[in-house]
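The chain is numbered in sequence order, starting from 1. For the numbers below, each heavy atom of this structure counts, side chains included, while hydrogens, waters and symmetry mates do not. Since the model is a prediction, treat every value here as computed from it, not as a measurement.
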Amino acid sequence: MQITIKGHQIDVTPALRQHAEAKMERLTRHFDHLHELSIVLGVEKLLHKAEATIHVSGRDLHADAVAPDMYSAIDALADKLISQVRKHKEKLTNHHPAEVRSARYE
């Protein structure tokens, strides 16, 4: 998975980059077919904002999080992305009863 981290009116320090990459590595535990992840970190007045877009096979998943500090914004963003990836993975799994029935009786 290729991770791109950019700052919008903010300098992305090595500590912020390392924290974001560590949190986003959790995504690969849930789904292996992630192609590209783009993260934009920014500040709007007193709030820190983190946005991300994941390019997976067939879809683009987008999430954003706002928090009083950047580290908690990145944590909230990672949690939102993980739930979206789980939901996407669940949609890819075929749950038709005919297939379950035929597999059970064979």
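With contacts defined as side-chain heavy-atom distances shorter than 4.5 Å, the pair L41/K49 does not qualify. Proximity of V66 to H48: side-chain heavy atoms (C-beta onward) are nowhere separated by under 4.5 Å. Between H8 and K6, every side-chain heavy-atom pair lies at or beyond the 4.5 Å cut-off. L77 is listed as a side-chain neighbour of M24, based on a closest heavy-atom distance under 4.5 Å. Within the 4.5 Å cutoff, the side chain of R59 has heavy atoms near those of the K91 side chain.
Nearest heavy atoms, A73 versus A65: O-CB, 3.5 Å. In plain terms, the two heavy atoms of L81 and A52 that are nearest each other are CD1-CB, 3.6 Å. Contact between I39 and A20 at its shortest, heavy atoms only, is CD1-CB, 4.4 Å. Taking each heavy atom of K80 and A63 in turn, the nearest pair found is CB-CB, 4.1 Å. Smallest separation of non-hydrogen atoms from T53 and H62: OG1-ND1, 3.0 Å. Looking at every heavy atom in both residues, V56 comes nearest to H35 through C-CD2, 3.8 Å.
Remark: R26 engages D79 in a salt bridge, criterion side-chain N to carboxylate O under 4.0 Å. A salt bridge is defined here as a Lys NZ or Arg NE, NH1 or NH2 lying under 4.0 Å from an Asp or Glu carboxylate O, and E25 with K23 fails to meet this definition.
Atom NZ of residue K87 and atom CD of residue E90 lie 11.0 Å apart, to the nearest 0.5 angstrom. Rounding to the nearest 0.5 angstrom, the gap separating the OG atom in S38 from the CD atom in E51 is 9.5 Å. For the atom pair I10 CD1 and E44 CD, the distance stands at 11.5 Å (nearest 0.5 Å).
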message: Evaluate S72 against D75 for side-chain hydrogen bond (donor to acceptor under 3.5 Å, both in side chains), listing each step before the verdict.
response: CA-CA 5 Å; S72 54; D75 294 344; over 6 Å; no
Stepwise side chain to side chain contact (heavy atoms under 4.5 Å, CB included) test for I74 and L16: CA-CA 9 Å; I74 292 171; L16 275 177; 4.0 Å; yes
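Applying the side chain to side chain contact (heavy atoms under 4.5 Å, CB included) test between Q84 and each of L27, I54, L61 identifies L61 as the sole match.
A continuous path of hydrophobic side-chain contacts links I3 to M70 [ILVMFWY only; heavy atoms under 4.5 Å]. Under the 4.5 Å side-chain heavy-atom criterion for Ile, Leu, Val, Met, Phe, Trp and Tyr, I82 and L34 are members of the same hydrophobic cluster. The same ILVMFWY cluster, assembled from side-chain heavy atoms under 4.5 Å apart, contains both Y71 and V43.
Within a 6.0 Å sphere centred on CG of D11, other residues, nucleotides and ligands contribute 12 heavy atoms or fewer.
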